[in-house]
Enquirer: 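Could you have a look at this structure, given as structure tokens, before my questions?
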Protein chains: 2
Amino acid sequence: MTAAANQSGRRPTTTSRRLERAGIRDVAAAAGVSITTVSDALNGKGRLPDETRSRVREVAERLGYRPSAAARTLRTGRSGLIGLTVTTYGEEPFTFTEFAYFAEMARAATSAALGRGYALVVLPASSRHDVWSNVALDGTVVIDPADQDPLVSELYRSGVPVVSDGKPGNCPVTAWVDNDHEAAVLGILEHLSEAGARRIGLLTGTSTDTYTRLSTEAYLGWCTRVGQEPVYEAYPAHDPAAGAVAADRLLARPDRPDAVYGLFDPNGTDLLAAARRYGLRVPDDLLLVCCSESDVYAGTEPPITTLSLKPRRIGTTVVNLLIDAIEGVDSGAGLTPDTPTAGARLFPPRYRTAGTGPPPGTLMPTELIVRASSQRRSPRTTVSPPRAPGEV
Amino acid sequence: MTAAANQSGRRPTTTSRRLERAGIRDVAAAAGVSITTVSDALNGKGRLPDETRSRVREVAERLGYRPSAAARTLRTGRSGLIGLTVTTYGEEPFTFTEFAYFAEMARAATSAALGRGYALVVLPASSRHDVWSNVALDGTVVIDPADQDPLVSELYRSGVPVVSDGKPGNCPVTAWVDNDHEAAVLGILEHLSEAGARRIGLLTGTSTDTYTRLSTEAYLGWCTRVGQEPVYEAYPAHDPAAGAVAADRLLARPDRPDAVYGLFDPNGTDLLAAARRYGLRVPDDLLLVCCSESDVYAGTEPPITTLSLKPRRIGTTVVNLLIDAIEGVDSGAGLTPDTPTAGARLFPPRYRTAGTGPPPGTLMPTELIVRASSQRRSPRTTVSPPRAPGEV
DNA sequence: CGGTCGTGAAGAAACGGTTCTGCCGAGCCG
DNA sequence: CGGCTCGGCAGAACCGTTTCTTCACGACCG
């Protein structure tokens with residue numbers, strides 16, 4: 001009885017094994033070859049006649065064989081997984097202001113990764129090692145890394161390629177991609193000037209991330225260059241309610257601006273509401289531009305000019321750079337001087353393994369979507385723009 | 001010569017191993033214990049005195065030891081990864097209309113998973129096996145599964161727990177969560193009736209997913225019950241441009257409704273724009289409600305009443321159900337045929353491994369956020385609502 | 001005083017693939 | 001005719017954990 005129970009319960013000979021799942025050994029046995037042959041046949045390696053190859057494939061298909069991802073990863077050192085690291089505010093991944101940007105960027109990144117055979121794992125930077133070390137990553141994308149992100153440093157040090165969205169402060173990365181924020185801000189200021197703005201204000205954030213810093217600096221620099229007194233209000237951008245208050249403050253100032261650029265997505269509606277409260281007409285009394293990926297600004301009254309950071313392009317580029325780094329260099333020592341086999345030319349082989357020196361960065365252009373809020377129907381005074389003689 | 005080459009070529013003694021990364025053996029050697037002890041000490045298993053435990057931990061820390069996720073997964077059969085499967089339209093994961101919903105839901109799901117030590121892998125359903133079989137999943141969440149999704153079926157058959165967001169059509173799942181769409185629609189219709197609507201129209205979709213189907217059926221059922229002729233327009237919801245056209249069509253009909261419910265996120269702005277074109281004032285001439293997670297409708301002119309599906313709650317619930325299933329049952333073996341729970345119940349019951357019978361479903365409530373667009377400032381005719389004598 | 005129990009720890013077998021090495025036979029060239 | 005190469009395939013090591021089993025040893029109890 002005990003023996004019987006034992007026998008049927010523990011190891012019903014080969015029966016239970018069959019039931020569980022088909023392994024490579026089962027396929028080999030069924031096809032009458034060795035497991036080496038099965039592996040080679042399925043992976044297109046080795047030297048096998050086509051007949052053997054197709055027969056093995058067919059048997060594998062019939063048995064519903066699925067190779068174990070874990071075993072493959074263990075042996076080859078490649079998991080096919082790349083991380084998508086987002087900063088967290090409080091408990092939740094990514095902030096409200098980044099919402100649309102993040103969603104678009106993640107969408108494109110997922111798509112790009114999948115197109116090259118990788119899957120994306122979403123990993124907030126705040127999660128502790130128990131999660132991080134539990135997943136084998138071939139590399140990771142970091143969105144807007146903190147200045148001295150310990151996580152990024154550790155990953156980089158242990159040989160995991162890291163590509164950041166947003167120019168990194170002090171942490172080492174394999175490569176980075178960012179918008180040309182300075183050019184973007186200058187372009188907007190110029191655009192507003194051409195539309196007749198005399199005093200341009202800025203709605204900015206108090207946090208120290210690269211985007212906020214670079215944009216604000218560009219604004220301040222422009223102010224000193226053209227001789228305008230800076231008019232700006234800063235608020236904690238991750239607080240959804242604070243934006244409306246800051247917008248109100250900005251328009252309540254004695255030196256009220258006649259044009260405003262808001263750095264964050266909700267600023268457009270906030271500024272519009274504030275303008276309404278003060279009886280300011282847009283664009284007649286106040287020109288408005290904000291940075292946003294949302295298309296609601298096409299339908300507001302009036303439609304608001306927005307700056308798009310083109311997150312889709314960013315996401316795609318970041319992922320492609322990362323995968324290039326993963327595939328271009330064998331983790332650790334191996335430099336690959338020779339291009340071994342053809343077939344890897346689907347993508348422009350532009351990427352190079354940087355030896356030393358600063359990590360390679362790529363600046364991506366932004367796009368200004370001009371709508372009614374930044375165009376005076378009838379230019380009132382036609383103030384001469386500070387600089388731009390060539391174009392209207 | 002062969003022997004010499006073999007000996008020196010294969011194993012450069014311990015040097016290279018040290019350089020690469022610290023393994024469990026290195027920790028064991030450094031701590032003067034066996035690898036068993038290291039494993040037990042680090043994982044809190046076995047019977048070890050606290051002194052040994054802490055010493056091993058300290059050594060591991062000093063060496064910067066990180067256990068190999070792949071090896072652990074291979075041995076334990078658990079990867080700590082759960083899939084987040086989204087349907088794809090064209091090349092890209094998740095559609096525009098689902099944007100806000102998906103982002104919120106994914107956010108909550110990521111958070112919930114992380115809180116229980118799991119990470120999320122985003123896996124569009126369209127990607128072929130090369131990606132799917134390359135990642136070891138402990139289970140997966142499926143958003144709005146297709147009626148006979150082959151992927152879901154295969155996963156389920158191979159013993160991977162599957163929990164769906166959206167009541168599944170014909171594919172077997174471990175459990176599912178959905179909103180009570182019928183109750184939601186009826187609630188809105190009642191709300192509009194109470195606000196004085198005489199003829200309520202619907203803006204719906206042409207696709208056959210559960211949400212669209214259930215909502216439309218609820219509307220049609222209500223119409224026959226209260227004796228109103230159905231007034232609705234359907235359009236392909238995944239086409240961003242088609243919504244505006246459909247909204248226009250709906251308001252251009254000879255039997256123009258005096259209240260409209262739009263099933264999809266952009267319908268609110270579309271309907272508002274259409275109303276403006278026809279000179280209809282909202283809410284005086286037209287009552288408006290749409291289903292949306294976006295808070296832009298708090299700032300439109302006028303603010304629009306929205307139905308929130310509470311994606312955060314859904315995401316959290318789905319993930320928790322999935323992890324319960326993963327941890328509650330050892331993959332494959334244990335069937336628990338007792339009490340095959342039937343049908344759907346409101347709110348998370350304790351999870352049970354369904355032996356046979358329908359998978360356990362949970363219906364989650366929605367929330368109607370009432371704003372100006374569905375409330376007449378001065379009730380014009382006060383038509384008696386069809387059914388609701390008790391309240392207001 | 002001998003057996004049993006409990007404690008602490010080591011040894012070794014998996015886990016399921018990939019891949020290095022080597023064997024065997026057949027052609028080919030000298 | 002013999003060595004050499006090359007195609008076709010099998011054997012076995014290996015990846016780095018977890019975990020099952022075993023073992024030593026001191027204390028306690030009968």
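In what follows, chains carry the letters A, B, and so on, assigned in the order in which the sequence lines appear, proteins first and then strands, with residues in each chain numbered from 1. All values reported here derive from a predicted model rather than from experimental measurement.
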Enquirer: Are OP1 or OP2 of D:dG8 and a side-chain N or O of A:Arg47 less than 4.0 angstrom apart?
Expert: no
Enquirer: Rounded to the nearest angstrom, tell me the gap between atom CZ in A:Arg21 and atom C1' in C:dG17.
Expert: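 Those two atoms, CZ and C1', are 14 Å apart.
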Enquirer: So, do A:Trp132 and A:Leu137 sit near enough that their side-chain heavy atoms are less than 4.5 Å apart?
Expert: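 Counting from C-beta outward, A:Trp132 and A:Leu137 do come under 4.5 Å.
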Enquirer: Side chains of residues 30-38 of chain A: which donor-acceptor pairs under 3.5 Å do they make with residues two or more places apart or in other chains?
Expert:
residue, atom, partner, partner atom, Å
A:Ser34, OG, A:Thr36, N, 3.3
A:Ser34, OG, A:Thr37, N, 3.3
A:Ser34, OG, A:Thr37, OG1, 3.3

Enquirer: How long is the line joining CG of A:Asp26 and P of C:dG16, in whole Å?
Expert: 10 Å
Enquirer: Enumerate the residues from residues 51-75 of chain A whose closest heavy atom to DNA chain D is under 4.0 Å, giving them by residue number; use none for an empty result.
Expert: A:Thr52, A:Leu74, A:Arg75
Enquirer: Ignoring hydrogens and angles, tell me if any N or O in the side chain of A:Asp138 forms a donor-acceptor pair with the backbone of A:Gly80 under 3.5 Å.
Expert: yes
Enquirer: Can you list the residues that meet the side chain to side chain contact (heavy atoms under 4.5 Å, CB included) rule with A:Ala41, with sequence neighbours excluded?
Expert: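 Residues passing side chain to side chain contact (heavy atoms under 4.5 Å, CB included) with A:Ala41: A:Leu48, A:Arg53, A:Val56.
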Enquirer: Within this structure, what is the CZ-to-P distance between B:Arg78 and C:dC15, rounded to whole angstrom?
Expert: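 My rounded result for the distance is 17 Å.
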Enquirer: Is the shortest side-chain N to carboxylate O distance from A:Arg55 to A:Glu51 below 4.0 Å?
Expert: yes
Enquirer: With sequence neighbours left out, which residue pairs that include part of residues 31-47 of chain A fulfil the salt bridge (charged side-chain N to carboxylate O under 4.0 Å, His left out) condition?
Expert: none
Enquirer: Which residue pairs pass the salt bridge (charged side-chain N to carboxylate O under 4.0 Å, His left out) test when at least one of the two sits in residues 154-165 of chain A, sequence neighbours left out?
Expert: A:Glu154-B:Arg66
Enquirer: Do any of residues 31-45 of chain B sit with a heavy atom less than 4.0 Å from DNA chain D, and if so which?
Expert: B:Ile35, B:Thr36, B:Ser39, B:Asp40, B:Asn43, B:Lys45
Enquirer: Once rounded to the nearest 0.5 Å, what's the spacing between atom OG1 of A:Thr140 and atom CG of A:Leu84?
Expert: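 It comes to 7.0 Å.
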Enquirer: A:Ile24 CD1 to C:dC15 P: how many Å, rounded?
Expert: 15 Å
